[in-house]
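Residue numbering restarts at 1 for every chain, and letters A, B, ... go by the order of the sequence lines.
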There are 2 protein chains.
Amino acid sequence: MESVVFEVLADSTRRRIVETLGAGERAVHVLVEAVDIQQSGVSRHLRILHDAGFVRVRAEGQERLYSLCAGPFRELDKWMRQYRGLWEARLDRFGAELNRRQRARAGKRREIHP
Amino acid sequence: MESVVFEVLADSTRRRIVETLGAGERAVHVLVEAVDIQQSGVSRHLRILHDAGFVRVRAEGQERLYSLCAGPFRELDKWMRQYRGLWEARLDRFGAELNRRQRARAGKRREIHP
DNA sequence: AGTGTATATACACACACGTGTATACATCCC
DNA sequence: GGGATGTATACACGTGTGTGTATATACACT
């Protein structure tokens with residue numbers, strides 16, 4: 001994955017913003033209250049998030065309302081899928097249902113690291 | 001999430017190492033061939049990965065064989081689960097409020113990230 | 001014993017990055 | 001109009017971090 005998804009999420013303040021936006025779209029000044037940095041910093045983080053496709057923005061009066069986009073999360077999910085066998089194999093012991101699902105999806109997997 | 005999972009995966013070289021280990025346990029000198037930095041750098045990255053719980057090590061002769069651990073991936077999956085509604089389930093759960101607000105004022109939209 | 005391989009760590013350094021301050025611009029309300 | 005609020009950007013700064021070089025240790029093989 002050549003994407004910047006992890007670089008973007010590496011910053012705890014940006015994660016905080018993303019988590020706040022998880023509850024729905026928010027204006028910038030609302031996000032400022034959710035973190036402990038200045039408004040200028042929040043705006044810069046929002047620019048980074050926007051450039052990376054994490055958020056969209058729409059204007060409403062003097063406010064800018066930001067909300068999450070699915071793209072980067074899909075990318076993240078896609079990247080993780082290749083490691084899912086690492087811990088789903090362990091869940092197999094608790095139910096044949098999961099086992100069947102994983103087996104059907106994973107096909108041949110060389111090694112399992114519990 | 002207070003973890004360092006994203007910080008660790010933010011570095012492309014470390015992601016490369018993780019992806020290589022996804023195929024099974026590997027010795028350090030093998031990982032060095034997979035990336036384009038010196039061996040000392042790889043060892044330092046492996047230390048970071050080890051401290052963060054991404055990998056385990058076992059000695060075999062003069063080699064150190066590294067392999068992936070499930071913990072951080074489980075954590076990542078747990079974190080992502082809270083956003084899965086963005087692209088899997090359509091407009092249930094938290095999407096209701098978002099949808100209502102967006103429909104109420106579906107005015108001028110500046111940029112859209114699909 | 002001696003040489004080559006495998007790995008880890010110390011040090012120095014350059015560069016990226018997050019932050020605060022200050023400022024510019026737009027919009028709202030009286 | 002004019003002050004207040006909301007947001008974005010320019011600049012400077014300090015700190016963190018990834019990397020290379022050099023070195024130390026452990027093991028293998030002859």
Side-chain angles (χ1 to χ4, degrees), chain A residues 1-21 24-68, chain B residues 1-21 24-68 101 105 107-111 113:
Chain A
M1 165 158 101
E2 26 59 45
S3 79
V4 297
V5 175
F6 288 113
E7 284 89 331
V8 168
L9 292 175
D11 183 75
S12 65
T13 302
R14 278 195 293 268
R15 285 201 303 277
R16 191 72 186 282
I17 291 174
V18 167
E19 287 160 5
T20 303
L21 291 178
E25 69 175 1
R26 295 287 186 271
V28 178
H29 64 98
V30 174
L31 296 173
V32 172
E33 299 170 4
V35 300
D36 55 350
I37 62 170
Q38 300 299 111
Q39 173 268 321
S40 65
V42 174
S43 280
R44 254 178 288 111
H45 281 307
L46 286 170
R47 176 134 169 75
I48 292 171
L49 287 167
H50 185 267
D51 289 349
F54 272 86
V55 297
R56 70 175 70 82
V57 62
R58 67 186 184 90
E60 176 154 326
Q62 52 183 344
E63 292 182 324
R64 301 296 176 99
L65 299 175
Y66 285 84
S67 54
L68 290 181
Chain B
M1 164 157 105
E2 25 62 43
S3 79
V4 297
V5 175
F6 288 113
E7 284 88 333
V8 168
L9 292 175
D11 183 74
S12 65
T13 303
R14 279 196 292 268
R15 286 201 302 276
R16 191 73 185 281
I17 291 174
V18 167
E19 286 160 7
T20 303
L21 291 177
E25 69 176 0
R26 293 289 185 269
V28 178
H29 64 97
V30 175
L31 296 173
V32 172
E33 299 170 5
V35 300
D36 55 349
I37 63 169
Q38 300 299 113
Q39 172 266 322
S40 65
V42 174
S43 280
R44 253 176 289 111
H45 281 306
L46 286 169
R47 176 135 170 73
I48 292 171
L49 287 167
H50 186 266
D51 289 351
F54 273 85
V55 298
R56 70 174 71 79
V57 209
R58 69 185 183 89
E60 175 153 327
Q62 52 184 341
E63 292 182 325
R64 302 295 178 99
L65 299 175
Y66 284 83
S67 54
L68 291 181
R101 294 173 103 182
R105 350 140 148 147
K108 50 204 170 189
R109 209 153 268 190
R110 318 168 89 222
E111 289 119 319
H113 290 285

Go along nucleotides 3-12 of chain C 5' to 3' and tag each nucleotide: B for a protein heavy atom under 4.0 Å from its base, S when only backbone or sugar atoms are that close, - otherwise. -BBSBBB---

Taking only N/O atoms, report every protein-nucleotides 1-3 of chain D pair under 3.5 Å with atom names and distance.
none

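Here the shortest heavy-atom pairing between Glu25(A) and Ser67(A) reads CB-CB, 3.6 Å. The shortest heavy-atom contact between Ala52(A) and Val4(A) is CB-CG2, 3.9 Å.
A side-chain donor-acceptor contact under 3.5 Å links Arg56(B) to the backbone of Leu68(B).
Considering only heavy atoms from C-beta on, Arg15(A) comes within 4.5 Å of Phe6(B) through its side chain. Counting only heavy atoms from C-beta outward, the side chains of Leu49(A) and Arg14(A) approach each other to under 4.5 Å.
Counted by atom type alone, His29(B) and Gln39(B) present zero donor-acceptor pairs between their side chains at under 3.5 Å.
One interatomic measurement links the two molecules: CD1 of Ile37(B) to C1' of dT17(D), which rounds to 12 Å at whole-angstrom precision. Atom-to-atom, NE2 of His50(A) to P of dT7(D) comes out at 15 Å; the value is rounded to the nearest Å.
Checking Ile17(A), Val55(A), Val18(A), Val8(A) one by one against His45(A), the side chain to side chain contact (heavy atoms under 4.5 Å, CB included) holds for a single residue, Ile17(A).
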Atom pairs and distances, side-chain donor-acceptor, residues 30-38 of chain A, under 3.5 Å, sequence neighbours left out:
none

